[in-house]
Asks: 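The structure under discussion is supplied below as structure tokens; questions concerning it will follow.
If you're wondering where the values come from, they're calculated on a predicted model, not measured in any experiment. The figures that follow rest on heavy atoms only: side chains count, while hydrogens, waters and symmetry mates do not.
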Amino acid sequence: MTELSEALARSNFDRYVSREDRQNFLRLLGGIVRVIPITQRIAACRDPKDDKFLDVALNGEVQLILSGDDDLLVLLAFYGIEFLKKARD
């Protein structure tokens with residue numbers, strides 16, 4: 001949530017969504033988000049900074065990761081998790 005909040009605070013989103021709407025979205029999301037305890041850590045991505053997403057996906061038992069990050073997409077499949085390429089703007 002912290003990383004998402006910091007990202008949505010960036011001015012490059014201003015032309016798409018108002019700051020007030022982004023803050024409201026974060027408040028609403030905070031009411032339904034599930035915090036995933038990380039009991040198993042992963043070191044599998046060619047960019048080690050992206051391993052945190054694999055940690056959450058594996059521990060949260062997700063089935064699919066939607067990403068535009070090529071460092072994640074090269075994995076194709078990971079512990080039964082599929083990767084789907086996000087369309088670029």
Asks: With rounding to the nearest 0.5 angstrom, report the CG to CG distance, Asp70 to Asp47.
Replies: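 Asp70 atom CG to Asp47 atom CG measures 11.0 Å (nearest 0.5 Å).
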
Asks: If hydrophobic clusters are built by linking Ile, Leu, Val, Met, Phe, Trp and Tyr wherever their side-chain heavy atoms come under 4.5 Å apart, do Val56 and Leu58 end up in the same one?
Replies: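 They do not share one cluster, since no chain of ILVMFWY contacts under 4.5 Å joins Val56 to Leu58.
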
Asks: Return the minimal non-hydrogen interatomic distance between Cys45 and Leu72, and the atom names on each side.
Replies: SG-CD2, 4.0 Å

Asks: Which atom names give the shortest non-hydrogen contact between Phe83 and Leu73, and what distance separates them?
Replies: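 Closest approach of Phe83 to Leu73: CB-CD2, 4.1 Å.
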
Asks: Lys52 and Glu3: which non-hydrogen atoms are nearest, and at how many Å?
Replies: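 Answer, listing the atom of Lys52 first, then Glu3: NZ-OE1, 3.2 Å.
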
Asks: Under the 4.5 Å side-chain heavy-atom rule for ILVMFWY, direct or indirect, which residues accompany Leu66?
Replies: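 Listed partners: Leu64, Leu84.
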
Asks: Quick check: closest heavy atoms across Ala44 and Leu54, and the distance to 0.1 Å?
Replies: CB-CD1, 4.1 Å

Asks: Residues in side chain to side chain donor-acceptor pair (under 3.5 Å) with Asp71, at least two apart?
Replies: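 Side chain to side chain donor-acceptor pair (under 3.5 Å) check on Asp71 returns Arg46.
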
Asks: Side chains of residues 23-43: which donor-acceptor partners sit under 3.5 Å, not counting sequence neighbours?
Replies:
from  : atom 1 : to    : atom 2 : distance (Å)
Arg34 : NH2    : Gly60 : O      : 3.3
Thr39 : OG1    : Asn59 : OD1    : 3.0
Arg41 : NH1    : Asp55 : OD2    : 3.3

Asks: Carefully, step by step, assess Arg22 and Asp14 under the rule side chain to side chain contact (heavy atoms under 4.5 Å, CB included).
Replies: CA-CA 9 Å; Arg22 289 178 291 192; Asp14 289 347; 2.5 Å; yes

Asks: Side-chain heavy atoms nearer than 4.5 Å, only ILVMFWY residues, links allowed to pass through others: does that put Leu8 and Met1 together?
Replies: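 Yes, Leu8 and Met1 fall within the same hydrophobic cluster.
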
Asks: So how far is it from Leu76 CG to Ile81 CD1, rounded to the nearest 0.5 Å?
Replies: 13.5 Å

Asks: Checking salt bridge (Lys or Arg N to Asp or Glu O under 4.0 Å) for the pair Asp69/Lys86: CA distance, chi angles, key distance, verdict?
Replies: CA-CA 8 Å; Asp69 188 325; Lys86 174 187 155 278; over 6 Å; no

